[in-house]
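Shown next, in structure tokens, is the structure this report addresses.
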2 protein chains.
Amino acid sequence: MGPMRRPTMTDVAREVGVTAKTVSRVLNDDGPVAVETRERVLAAVTKLGYRPNLMARNMRVGARDAAIGLVVPEMGNPFFGTVAGGVESAVRARGLTLIVGSSSETAGLEQSLIATFLARRVSALMVVPAASSDHRHLRSERMAGLPIVFLDRPAVGLRADCVVSANREGSRAGVAHLVAHGHRRIGFVGDAPASLYTRRERFQGYRDALDGAGLPFDRALVEAGHDMEAAAQATMRLLSLADPPTAVFAGNNLASMGVVVALARAGRKEVAVVGFDDLPLAEALDPPLTVVAQDPAGVGAAAAEMVLRRLDGDRSRARRTTVPTRLITRGSGELPPP
Amino acid sequence: MGPMRRPTMTDVAREVGVTAKTVSRVLNDDGPVAVETRERVLAAVTKLGYRPNLMARNMRVGARDAAIGLVVPEMGNPFFGTVAGGVESAVRARGLTLIVGSSSETAGLEQSLIATFLARRVSALMVVPAASSDHRHLRSERMAGLPIVFLDRPAVGLRADCVVSANREGSRAGVAHLVAHGHRRIGFVGDAPASLYTRRERFQGYRDALDGAGLPFDRALVEAGHDMEAAAQATMRLLSLADPPTAVFAGNNLASMGVVVALARAGRKEVAVVGFDDLPLAEALDPPLTVVAQDPAGVGAAAAEMVLRRLDGDRSRARRTTVPTRLITRGSGELPPP
DNA sequence: CCGACCTATGTCAACGTTGACATCCGCTGT
DNA sequence: ACAGCGGATGTCAACGTTGACATAGGTCGG
């Protein structure tokens, strides 16, 4: 019951009466080994409960760890969870392990997570940047040839591959949908301005749609809320304006939930809504929620493919991949203005 | 642009004109170092872009990796994402890194993930078991003193710590709530029978509540659906029975969504519903969804604390921690039978 | 002015594994 | 009978780092 030392290859070898090298050969299917020896080795392995030490192996072989590090802002947000899932299945097919860490949307934590991944000699790095983080410190890694791919939001201060959603176009389409149904005062509820790439893009799409329809932009209709409750309160502020919006565009999944909750609380079912990013319950809402659906698993998969290409030696210049979005009309965007 | 070798401690040492050991001393704040030497070393470190090699360090020190491996069935499910988030923040406070992998609810993948974690010499293992997996193979690890904690579902064939929700009690309370509002035919939509611990417990709670109220159990009212769409179809089957239920209890978050979607599609708002596990949009549904809320972050945190205690040397026998659930009444459970 | 002592640094080996190369054996072909 | 070959195994060093111990100067008290 003591905290006994883990058995090593040498222990197994001693048990069988051979050298560590022979055990190594058996375990890696390397070089010739007598059938009987192989069997005895395997028996000893299970008997002693031997587990190969990947750290020692990687070090000797000089190879990088067969792991890929992924940094996401929050694990609890299903969007990032699904992205991670998409990455994982693509990466697993190649025998690579995915290591996920969460930065809590904090630049400092993101950096230290990246540092521990690098110290672990991961063979590639995938990052969903935290708001206001800077990636200049990764330049030397890029130079050294480490594959680095950014997801959902591009790198700051670093030319690197990235995979993003068609934020601006999708947003434009979503708002245009509201415009097409007669709305002229359309609120925007999203993240805090300036900080986040996705918020900037989606906001631009919102403005594009207004401009395209010749509608005036009213700063008073733009509100921020970084989580669901804050978004709900932002929505309440919009509704209590002297000249309130007849429709609201929500800039991300949490904002959508906040908007929907606020409208439900206020009993304002007649306000039209379009949300960016689909929600599993969108269909069950009253009215069912029209959304600009992203493809989070697709983003993850595309990023993973990019990484695999880089690992296979693709040295071409950094590329940006845009994953299309899709307007799913369910009703909430088709409500006419009063 | 060549794939040049990463600089090692020796490279830094050569650059400065000292030995690797001195560099090591600087980087670990070990032993005395002249102020000037320290500065020159640090300068060389940044100049060369040196990153310590954790694998080599861990090997030399013989310590286990400062990482904890967590296996979850699916990353995309917000329940597990939130659990992982709870684990992460608790574990990070101790300077440990969390490595998350997903088993896709498959026993085989779970085993191979665990194997790579063990090969990486993680200092502890946390597992949300896949359906129908068996953990006898971890016995030798437990003997060797590796902390292993199971979350949400207990281990199979292994005495080990585990942290679970109050499934049976919560479920009983949820169903009792429906009973209290006059329902006598209450459907159950959950995972496939037998396979999953949580499903068994929650189903028992359902039966407890029926028994407690002297209501008959009708096998026809029990349906299974492993994802949202399947749960929706299961609900449709219940509704089309000759003698349909007037209320439905959903056994997990996906089932809840499926039930709610199905009722919305069928326009059957009068059917009462209580779901196990809270949903972010529960409040925005019509009627707002009454749920038996779990505390996923709390489950993660409790499990992390358990692990930390074990790492601190607590050798007491395996313990089971139960995290309470809470009935949140919002309306859907209070609908009277027609 | 010498030994005790402290500071700053170096030397060496070891962690567990595997590549490069060596060795030993029995068998084949001539 | 002997060279030659291929199969089975061993030996050694090295990967990057650090613990244990050693060394080279300098300071200080008596």
Side-chain angles (χ1 to χ4, degrees), chain A residues 3-42 44-45 48-66 115-116 118-123 144, chain B residues 3-42 44-45 48-66 115-116 118-123 144:
Chain A
M4 50 192 173
R5 203 175 45 86
R6 284 206 73 84
T8 76
M9 234 172 207
T10 318
D11 297 325
V12 177
R14 190 177 316 116
E15 175 85 11
V16 181
V18 294
T19 335
K21 182 70 220 199
T22 301
V23 177
S24 166
R25 276 194 261 261
V26 171
L27 267 47
N28 298 300
D29 263 326
D30 194 22
V33 181
V35 209
E36 196 223 337
T37 311
R38 151 172 282 109
E39 278 164 10
R40 286 171 47 221
V41 166
L42 292 177
V45 163
L48 298 185
Y50 167 78
R51 305 268 188 175
N53 187 328
L54 250 197
M55 296 193 295
R57 171 172 221 288
N58 286 336
M59 206 179 68
R60 168 65 237 240
V61 180
R64 313 197 66 88
D65 194 358
T116 78
L118 291 175
R120 239 173 217 92
R121 297 292 189 267
V122 292
S123 43
Chain B
M4 50 191 174
R5 205 174 45 86
R6 283 206 75 84
T8 76
M9 237 175 205
T10 319
D11 297 324
V12 176
R14 190 178 315 117
E15 175 85 10
V16 181
V18 294
T19 335
K21 181 72 220 199
T22 302
V23 178
S24 166
R25 275 194 262 261
V26 171
L27 268 45
N28 298 300
D29 263 324
D30 194 23
V33 181
V35 209
E36 196 222 335
T37 311
R38 151 171 283 110
E39 279 164 9
R40 286 172 47 221
V41 166
L42 293 178
V45 163
L48 299 185
Y50 167 78
R51 305 267 188 176
N53 186 330
L54 251 196
M55 296 192 295
R57 172 173 220 288
N58 287 335
M59 206 178 69
R60 169 66 238 240
V61 180
R64 313 195 68 87
D65 194 357
T116 78
L118 292 175
R120 248 178 207 82
R121 297 294 188 267
V122 292
S123 43

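Letters A, B, ... are given to chains in the order of the sequence lines, protein chains preceding strands, and every chain is numbered from 1. Note that the structure is predicted; figures quoted are calculated from it, not measured.
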query = Looking at C/dT9, D/dG16, C/dT18, which one has an atom nearest to any side-chain atom of B/Ala34?
reply = C/dT9
ask   = For A/Asp29 and A/Arg38, which heavy atoms make the closest approach, and how far apart are they?
value = OD1-NH2, 3.1 Å
query = Which listed nucleotide (D/dT17, D/dT18, C/dT17) is nearest to the side chain of B/Val61?
reply = D/dT18
task = May I ask you to verify whether the side chain of B/Arg60 and the base of D/dT17 hold a donor-acceptor pair under 3.5 Å?
result = no
task = Determine, step by step, whether A/Arg6 and B/Arg121 satisfy the side-chain contact (heavy atoms from CB on, under 4.5 Å) criterion, reporting the C-alpha distance in whole Å, the side-chain angles of both residues, the deciding distance to 0.1 Å, and the verdict.
result = CA-CA 10 Å; A/Arg6 284 206 73 84; B/Arg121 297 294 188 267; 3.4 Å; yes
request  = Output the single nucleotide from D/dT17, C/dT9, D/dG16 whose closest atom is nearest the side chain of B/Met9.
outcome  = D/dT17
key: Nearest-nucleotide pick for B/Asn53, side chain only, options being C/dC15, D/dT17, D/dG10   = D/dT17
inquiry  = Tell me whether the side-chain N or O atoms of B/Arg57 pair up with the base of D/dT17 as donor and acceptor below 3.5 Å, since no angle test is needed here.
reply    = no
request  = Tell me what A/Asn58 touches on the nucleic acid: a base, only sugar-phosphate, or nothing, going by heavy atoms under 4.0 Å.
outcome  = nothing
query = Among the nucleotides D/dG10, C/dG16, C/dG10, which one has an atom lying closest to any side-chain atom of A/Val18?
reply = D/dG10
ask   = Relative to the 5' end of DNA chain D, which residue comes earlier, B/Ala56 or B/Asp30, by the nucleotide with the nearest heavy atom?
value = B/Ala56
remark   = Winner on side-chain proximity to B/Thr8, out of D/dT9, D/dG16, C/dA8, is D/dG16
query = When we call it a touch if two heavy atoms are under 4.0 Å apart, what does A/Thr19 touch: a base, just sugar-phosphate, or nothing?
reply = base
request  = State whether the distance check finds a donor on one side and an acceptor on the other, under 3.5 Å, for side chain A/Arg25 versus base D/dG10.
outcome  = yes
request  = Nearest-nucleotide wise, let me know which of B/Arg38 and B/Arg121 is further upstream toward the 5' end of DNA chain C.
outcome  = B/Arg38
message = Using a 3.5 Å distance criterion without hydrogens, assess whether the side chain of B/Arg25 forms a donor-acceptor pair with backbone atoms of B/Gly31.
response = no
request  = Verify side-chain contact (heavy atoms from CB on, under 4.5 Å) between B/Asp65 and A/Arg120, making sure each step is shown before the conclusion.
outcome  = CA-CA 10 Å; B/Asp65 194 357; A/Arg120 239 173 217 92; 2.8 Å; yes
query = With a 4.5 Å heavy-atom cut-off, do A/Val26 and A/Val23 have their side chains touching?
reply = no
key: Side chain of A/Pro32 - closest among D/dG10, D/dG7, D/dT17   = D/dG7
